[in-house]
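Here is the structure we will look at, set down as structure tokens.
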Amino acid sequence: MTIARVALAVVLVLAVAVLVAPPGLDRAFAHKEKHTPEQLKAFEDIFIEQVKLGDLLFHGDGATEKKMGAQLSKTGMACAMCHPFSSDTHPHEFPKFQEQMNKFATLRDMINWCIEKPNEGIKLAEDSDAMKALEAYIIWSNRGAKLDPGRH
Amino acid sequence: MARTLNGPEVTPDQSMTVTRRTFIHKSLITAGITAGATTYGWLPLINTIDLAFGQTAFKFAWLSDTHLYPKDVNTRFVEKAVRAVKEIQAMNPPADFLIFGGDLAQLGDPVELDLGADILKEVKIRKVFIPGEHDWYLDMGAKWERLFGKQPWTFDHKGVRFVGLDTVSRGPDYWTAKKMTPKERMGHMATLDGSVAGAWAGVGRDQMQWLQTTLGSWQKNRPVVIFTHNPLYEYYPPWNFWVRDWREVHEVLKGYTSVTNIHGHTHQVLYNEIGTMRSIGMLATSWPWPYAPEGVPALTKCHLRADPGDHYDGVGWSQLTQSAAGKIEAEYVMWRKKEHLIGEAAVDSGCGDNVNQPLSPRLVDREWTYPGGHK
């Protein structure tokens with residue numbers, strides 16, 4: 001009886017693993033084998049592609065906005081006009097209390113505040129591709145900054 | 001180079017004193033007040049730097065970096081340019097002249113430049129102009145020169161030799177080989193943190209020669225004021241917060257003991273001394289740039305962090321007043337600071353975060369397919 005239950009559990013776990021595996025991969029595990037340089041390159045390419053998309057959005061590129069279904073500004077202002085090189089975005093300080101929102105906020109909250117207020121654009125869904133790309137660009141630009149969460 | 005120029009005995013004219021004080025600028029109390037006034041305070045405070053030179057009392061005003069879009073794209077920049085122009089016209093006693101320090105337009109569009117020229121018509125006093133890069137690179141200065149004439153220029157006024165230089169038009173050609181359209185060329189130039197346009201800010205050998213000749217007839221101990229769009233020293237090259245040939249400029253200026261460089265482009269409170277030259281950065285009316293992650297002059301006390309939710313904050317214009325006692329005050333008319341213009345504590349200072357802010361140039365600039373052509 002006990003053996004049968006264990007066997008059933010193992011079968012179920014394997015079934016779930018197969019179901020949640022991304023297309024093209026036969027399992028959802030990580031770090032079972034050494035990575036190949038090609039794999040590492042592929043992982044990095046996925047990240048850098050998002051950084052570049054975020055960069056273009058951040059600099060007001062209309063074609064990229066259209067492609068990603070975003071309208072980040074209606075005033076001609078782009079994020080980079082107040083934040084060249086993504087300066088003064090302080091991704092390493094989030095989450096924190098954000099004065100102008102009067103709440104404990106994440107970087108994504110702040111990105112949306114800037115889109116809605118100074119830029120008069122349309123807020124992004126928090127898990128949208130455009131939001132993730134903007135986040136990737138901002139954090140990549142500030143890589144090397146010391147984590148300092150909560151700092152005003 | 002700065003160390004060499006700033007030897008132990010070398011500073012700008014010792015009769016100059018720098019003081020900082022703030023006071024309510026009464027003429028502005030009746031100026032247009034908009035949303036946010038009650039929250040952020042609407043009495044603008046003015047930071048004063050007292051300089052001593054010249055012989056007779058007079059004032060002049062500085063306005064720059066209005067970055068106008070066509071009216072149907074952005075009305076905020078238009079409103080602020082109009083407000084500044086009205087305040088300059090209302091100065092009492094009136095200014096002897098207005099220097100417009102460049103970046104009237106955002107994308108060099110003739111519509112933008114015509115709009116700016118129209119707004120500036122409100123100012124009836126003498127006006128002199130130097131261009132910014134945003135005014136130039138759509139048609140390589142053709143419209144600008146039709147509206148505002150050619151640079152460089154010089155004139156003497158009440159004991160001071162004034163010089164206006166063009167620091168924007170001598171950028172290296174980054175467009176021909178890549179077959180850019182004029183709009184693409186302008187787009188790269190209008191991106192402060194782009195690297196495609198490169199080290200475009202410079203005085204150039206021809207203009208340097210002109211400057212040398214122009215100053216040759218001026219006694220070396222008499223005051224010289226040089227207006228430029230970019231600062232005449234190295235602050236932060238990646239954003240062209242410099243001119244690339246600033247070392248040569250200082251060779252030309254060597255021996256002149258009272259040189260004041262007044263510049264735009266940086267959109268922030270800035271002060272520096274290099275050799276015998278002092279340099280003062282002026283505010284924009286459009287938006288404030290953040291302080292660069294490095295290179296902020298040690299003599300600069302950074303302004304209070306700007307409020308991104310209030311587009312009248314961190315911006316304004318400047319008036320320079322020479323008193324009968326021979327003092328000149330360079331006053332920042334920053335519209336929206338309640339009590340303090342300068343952020344003393346790191347947490348309040350516009351450059352207080354620089355110590356933990358390593359930044360990287362854009363990756364997309366390294367690709368042949370430039371922004372706008374992304375596949």
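Order of the sequence lines sets the chain letters (A, B, ...), proteins ahead of strands, with each chain counted from 1.
- The residue from Asp55(A), Leu53(A), Val51(A) that alone fulfils the side chain to side chain contact (heavy atoms under 4.5 Å, CB included) condition with Val364(B) is Asp55(A).
- When every heavy atom of Asn142(A) is checked against every heavy atom of Gln357(B), the shortest pair comes out as OD1-CG, 4.0 Å.
- Rounded to the nearest 0.5 angstrom, His267(B) NE2 and Met81(A) CE are separated by 9.0 Å.
- If you measure heavy-atom distances from Lys117(A) to chain B, the contacts under 4.5 Å come from the backbone alone.
- Considering CG of Asn74(B) and CD of Glu120(A), their distance stands at 8.0 Å, rounded to 0.5 Å.
- Nearest heavy-atom pair, Cys82(A) versus Trp289(B), reported as atom, atom and distance to 0.1 Å: N-CZ3, 4.4 Å.
- Interface residue Arg151(A): only side-chain heavy atoms are found under 4.5 Å from chain B.
- Contact annotation for His59(A): only side-chain heavy atoms (C-beta onward) come within less than 4.5 Å of a heavy atom of chain B.
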side-chain contact (heavy atoms from CB on, under 4.5 Å) between Trp140(A) and Leu363(B), intermediate numbers included:
CA-CA 10 Å; Trp140(A) 175 86; Leu363(B) 283 179; 3.5 Å; yes
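- Across every non-hydrogen atom of Tyr69(B) and Gly76(A), the tightest pair is OH-O, 2.5 Å.
- Considering all non-hydrogen atoms of both residues, Trp239(B) and Ser87(A) come closest at CH2-OG, 3.8 Å.
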Apply salt bridge (charged side-chain N to carboxylate O under 4.0 Å, His left out) to the pair Glu99(A) and Arg305(B), showing each step before the final yes or no.
CA-CA 13 Å; Glu99(A) 205 173 355; Arg305(B) 288 161 70 171; over 6 Å; no
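- Among all heavy-atom pairs drawn from Phe77(B) and Met77(A), the shortest one is CZ-SD, 3.3 Å.
- Formation of a donor-acceptor pair under 3.5 Å by the Asn356(B) side chain with backbone atoms of Lys146(A) is found in this model.
- Only one option out of Pro361(B), Ser360(B), Pro358(B) pairs with Phe85(A) in a side chain to side chain contact (heavy atoms under 4.5 Å, CB included); it is Pro361(B).
- Contact of the Trp113(A) side chain with the Pro308(B) side chain is registered, since non-hydrogen atoms from C-beta on lie closer than 4.5 Å.
- The shortest non-hydrogen separation linking Gly350(B) to Asp88(A) is O-OD2, 4.4 Å.
- Using a 4.5 Å cut-off between heavy atoms, Phe58(A) does not touch chain B at all.
- Once rounded to the nearest 0.5 Å, the distance linking CZ of Arg362(B) with CG of Leu56(A) reads 6.5 Å.
- Both the backbone and the side chain of Leu359(B) have a heavy atom closer than 4.5 Å to some heavy atom of chain A.
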